[in-house]
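Take a look at the structure set out below.
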There are 2 protein chains.
Amino acid sequence: MTVTLADVAARARVSPATVSRVLNGNYPVAAATRERVLRAVDDLDYVLNGPASSLAAATSDLVGILVNDIADPFFGIMAGAAQTEIGGQEGTGRAGGEKLAVVCNTGGSPERELTYLTLLQRQRAAAVILTGGALEDPGHIVAMTTKLAKLADAGTRVVLCGRPPLPGSDAIVASLAFDNRGGGRRLTEHLLTLGHRKIGYVAGPLERTTTRHRLEGHLAALAAAGLGDPASGEGRSTGSGEGRAGQEGLVVHGPYSRRSGYEATLELLRRAPDLTAVVAANDTVALGACAAVRDQGLRIPEDVSVAGFDDLPFSVDATPALTTVRLPLYEAGARAGRLAMGTETPPPGGIATITAELMARASTAPPRATR
Amino acid sequence: MTVTLADVAARARVSPATVSRVLNGNYPVAAATRERVLRAVDDLDYVLNGPASSLAAATSDLVGILVNDIADPFFGIMAGAAQTEIGGQEGTGRAGGEKLAVVCNTGGSPERELTYLTLLQRQRAAAVILTGGALEDPGHIVAMTTKLAKLADAGTRVVLCGRPPLPGSDAIVASLAFDNRGGGRRLTEHLLTLGHRKIGYVAGPLERTTTRHRLEGHLAALAAAGLGDPASGEGRSTGSGEGRAGQEGLVVHGPYSRRSGYEATLELLRRAPDLTAVVAANDTVALGACAAVRDQGLRIPEDVSVAGFDDLPFSVDATPALTTVRLPLYEAGARAGRLAMGTETPPPGGIATITAELMARASTAPPRATR
DNA sequence: CTGTTAGCGCCTTCAC
DNA sequence: GTGAAGGCGCTAACAG
């Protein structure tokens with residue numbers, strides 16, 4: 001029924017071993033023989049049996065890319081770039097030595113993250129790329145460290161992209177971390193320079209590295225400017241805001257969604273009607289923040305400035321164009337892909353920090369003197 | 001080094017076959033024995049060898065999801081939904097009978113589409129879901145039909161999601177097609193009802209079913225209103241517009257990108273400065289169209305109405321909120337996932353058409369009497 | 001309900 | 001440069 005290596009060998013009048021060598025290309029074979037074999041492959045329309053070859057060779061051509069949310073371009077851009085580097089060699093049609101880059105959507109769930117890793121381990125994946133921020137739950141960190149160590153042990157190359165290095169994990173080939181802290185800091189400095197003093201902050205979900213680092217940058221900028229810590233009196237999403245004076249209660253947490261940005265901004269505006277700026281955890285959240293500001297009858301940036309993070313493609317098209325922090329997502333993803341393939345040498349110490357660039361646009365402006 | 005089924009069997013004092021049965025769960029095993037085996041599995045930290053089991057069983061637990069552009073939420077939403085249905089059973093941690101849903105990014109390239117299909121065939125994938133519009137090139141259609149037939153032959157379930165059925169292909173489990181034609185028609189009818197008579201159309205890339213169907217709906221609405229065919233004098237992207245009177249030259253093609261929308265709209269405005277509305281191939285393109293309209297010093301919707309297609313999450317946040325056509329992407333993706341898993345019975349004839357609903361919002365309004 | 005026996009299709013030493 | 005043989009780890013009949 002299904003064509004096997006032996007069939008090809010028979011037709012090409014060589015041994016199965018020779019066919020295998022031709023197909024894998026990592027062994028000298030006479031040009032004429034190779035030709036004959038390839039013709040037989042085409043004639044018979046032979047397709048290699050992946051599981052069989054993985055079993056025999058104890059390694060597969062699968063490369064897993066884990067993302068937190070596949071519907072979010074933040075991840076899509078990185079994953080697409082990585083995939084281009086991994087399976088990119090267009091052309092041949094016959095599918096030669098390509099790797100199969102597969103993206104797995106964890107939905108931000110730690111269980112699913114682990115499950116996918118197990119599934120990938122089960123497949124004897126050649127490499128795994130973990131994208132985006134990590135959960136900071138201690139139990140999960142231990143579980144992840146253990147799991148990644150096992151993967152590495154079994155020969156899987158592990159690369160982190162947009163995620164800080166796992167403490168004490170020598171199992172990892174490389175980690176490319178975004179400078180979220182620096183970007184967050186520069187963004188808030190920009191606002192302070194414009195003259196803002198009362199700045200609301202819509203943070204991402206709790207216990208995520210990305211959330212924490214961006215927020216830390218924000219707080220660092222405030223502290224450097226001699227402004228108080230807005231996190232005191234902090235509450236979750238629509239938590240119990242105490243609306244005290246100063247910078248207090250000006251940080252609200254929520255998921256990385258438009259809706260969260262909308263609701264959190266409403267809450268911030270309620271707590272501090274004299275707010276002159278809102279910084280969002282990312283661009284998507286910023287869009288929701290913009291909508292909330294407008295729905296309150298306020299103008300952007302005249303009454304309230306709004307800023308995001310990531311510089312996703314749609315951000316420049318927002319009205320007004322969104323001030324944000326640019327992350328080189330495509331470049332980072334591509335680099336992670338090459339690292340996973342072993343076609344790029346890891347940075348010294350296996351760790352590289354990727355800079356985040358401030359993109360000052362029309363959604364931020366000096367605050368009005370009074371309101 | 002690596003622990004195998006036999007090791008587990010030894011520790012649980014049963015035969016390898018029994019361990020296999022416990023793990024696969026599709027065979028009666030005494031509760032006590034099962035317990036013993038599972039404990040041994042945990043003790044030894046055993047992970048099934050996927051390739052070996054796929055080889056022996058002649059089928060794998062891989063399900064492929066092909067998308068044209070992973071950075072586009074249109075695909076991300078469908079893929080995420082499908083993946084939820086496929087690998088969703090949260091929990092266990094030990095990764096039981098889960099399937100590994102993997103998304104493959106073709107980037108819209110026909111070669112890569114075929115290559116991925118071959119790779120999936122090589123892995124003996126359990127199912128394949130093809131999302132989004134198809135290329136209408138005859139050669140590619142033949143190649144695809146052949147390839148899908150082979151996949152089906154080898155036991156892979158093939159499901160189409162957002163793509164019309166392949167003519168004469170009985171290999172396909174089901175195809176869920178969006179009513180792009182109807183949606184396109186209703187959208188343009190909405191504009192006509194508002195009073196628009198001179199409507200520009202930024203179409204998607206040539207030779208794609210999605211592009212063609214949406215455009216056909218647009219043209220049908222115009223024809224029904226007794227308006228001429230705008231496609232005559234049609235040109236590619238920044239093609240040779242001849243700027244003739246009536247509806248002529250009011251269709252421009254380009255990729256599904258923001259940039260294409262921007263440039264095509266500029267071109268349309270140049271060809272027909274008296275345009276009162278622009279319909280875009282999708283929401284992303286519409287965003288670019290909005291930017292172009294504004295850059296020309298025109299207001300939306302007072303001077304020019306703009307409409308999109310898909311109703312992606314960001315569309316409601318555009319300013320003004322974008323009039324568009326809603327496609328139930330999540331629901332469609334989820335259904336495709338269930339169809340691929342065999343947990344939902346295919347629609348009669350294997351074909352279902354999914355309706356597209358007009359979302360009239362603020363970006364469209366009656367044209368001004370004069371301009 | 002459980003054990004035994006054969007392969008699944010390919011890669012990889014080892015000879016020639 | 002090529003062939004022959006063994007085994008990768010698991011599943012799927014069969015027996016019992």
Side-chain angles (χ1 to χ4, degrees), chain A residues 1-38 40-41 44-62 95-97 119 121-126 154-155, chain B residues 1-38 40-41 44-62 95-97 121-124 126 154-155:
Chain A
M1 187 60 238
T2 135
V3 181
T4 75
L5 229 197
D7 300 332
V8 176
R11 188 173 230 278
R13 295 133 122 305
V14 295
S15 73
T18 300
V19 178
S20 170
R21 295 198 259 252
V22 170
L23 260 26
N24 292 311
N26 22 322
Y27 216 80
V29 173
T33 314
R34 158 185 279 97
E35 268 317 305
R36 209 140 35 85
V37 169
L38 288 180
V41 166
L44 264 34
D45 216 13
Y46 170 70
V47 175
L48 189 69
N49 183 319
S53 102
S54 294
L55 172 58
T59 158
S60 83
D61 52 5
L62 229 57
L119 253 15
Q121 177 184 6
R122 176 185 296 187
Q123 299 295 332
R124 305 298 187 255
Chain B
M1 183 64 234
T2 136
V3 19
T4 77
L5 229 193
D7 300 332
V8 177
R11 187 173 230 276
R13 296 136 121 302
V14 295
S15 73
T18 300
V19 177
S20 171
R21 294 197 262 255
V22 170
L23 260 27
N24 292 309
N26 21 322
Y27 217 81
V29 173
T33 314
R34 156 184 282 97
E35 269 317 306
R36 209 142 33 87
V37 169
L38 289 180
V41 166
L44 265 35
D45 216 13
Y46 169 70
V47 175
L48 190 67
N49 183 318
S53 109
S54 294
L55 173 58
T59 160
S60 82
D61 53 4
L62 229 59
Q121 177 183 6
R122 174 184 298 187
Q123 299 295 332
R124 304 300 188 253

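Because the structure is a prediction, the values reported are computed rather than measured. Lettering of chains follows the sequences in order, A, B, ..., and the numbering in each one begins at 1.
Atoms OH (B/Y27) and P (D/dA12) sit 10 Å apart, rounded to a whole Å. One can place CG of B/L48 at 12 Å from P of D/dG9, the figure rounded to the nearest angstrom. Between the CG atom of B/D7 and the P atom of D/dC8 there is a distance of 12 Å, given to the nearest Å.
At a cut-off of 3.5 angstrom, counting only N and O atoms as typed in the model, there is a donor on one side and an acceptor on the other between the side-chain of A/R21 and the base of D/dG3.
Note that CG of B/L62 and CZ of B/R122 are 13.0 Å apart. Values are rounded to the nearest 0.5 Å.
Contact detail for A/L48 and B/R124: the closest heavy-atom pair is O-NH1, 3.8 Å.
Residues that satisfy the side chain to side chain contact (heavy atoms under 4.5 Å, CB included) test with B/T59, not counting sequence neighbours, are B/A57. Checked against side-chain hydrogen bond (donor to acceptor under 3.5 Å, both in side chains), A/D7 has no partners two or more places apart in sequence or in another chain. Under the side-chain hydrogen bond (donor to acceptor under 3.5 Å, both in side chains) criterion, A/S20 pairs with A/N24, not counting sequence neighbours. Residues satisfying the side chain to side chain contact (heavy atoms under 4.5 Å, CB included) test with B/A40, not counting sequence neighbours, are B/V8, B/R11, B/A12. Residues satisfying the salt bridge (charged side-chain N to carboxylate O under 4.0 Å, His left out) criterion with B/R21, sequence neighbours excluded, are absent altogether. Residues passing the side-chain hydrogen bond (donor to acceptor under 3.5 Å, both in side chains) test with B/T18 are B/S15, sequence neighbours excluded.
Counting any heavy atom pair closer than 4.0 Å across all strands shown, A/V19 reaches no nucleic acid atom.
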Applying side-chain contact (heavy atoms from CB on, under 4.5 Å) to B/D45 and B/V3, what does each step give before you reach the verdict? CA-CA 8 Å; B/D45 216 13; B/V3 19; 5.9 Å; no
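Near-neighbour residues of DNA chain D inside residues 49-60 of chain A, defined by a heavy atom below 4.0 Å, number-ordered: A/L55, A/A56. Near DNA chain D, meaning a heavy atom under 4.0 Å away, there are no residues from residues 30-37 of chain B.
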For residues 26-34 of chain A, which side-chain N or O atoms pair as donor and acceptor with protein atoms under 3.5 Å away, sequence neighbours left out?
{"unit_1": "A/R34", "atom_1": "NH1", "unit_2": "A/V29", "atom_2": "O", "d": "3.4"}

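Between B/A17 and A/S20, the one whose closest nucleotide on DNA chain C sits nearer the 5' end is B/A17. In terms of position along DNA chain C, the nucleotide closest to B/T18 lies nearer the 5' end than the nucleotide closest to the other residue of the pair B/T18 and A/A6.
For DNA chain C, the span of nucleotides reached by chain B at under 4.0 Å from its heavy atoms goes, 5' to 3', from C/dC1 to C/dG9.
Side-chain atoms of A/S60 never come within 3.5 Å of backbone atoms of A/S54 as a donor-acceptor pair (strictly under, hydrogens ignored).
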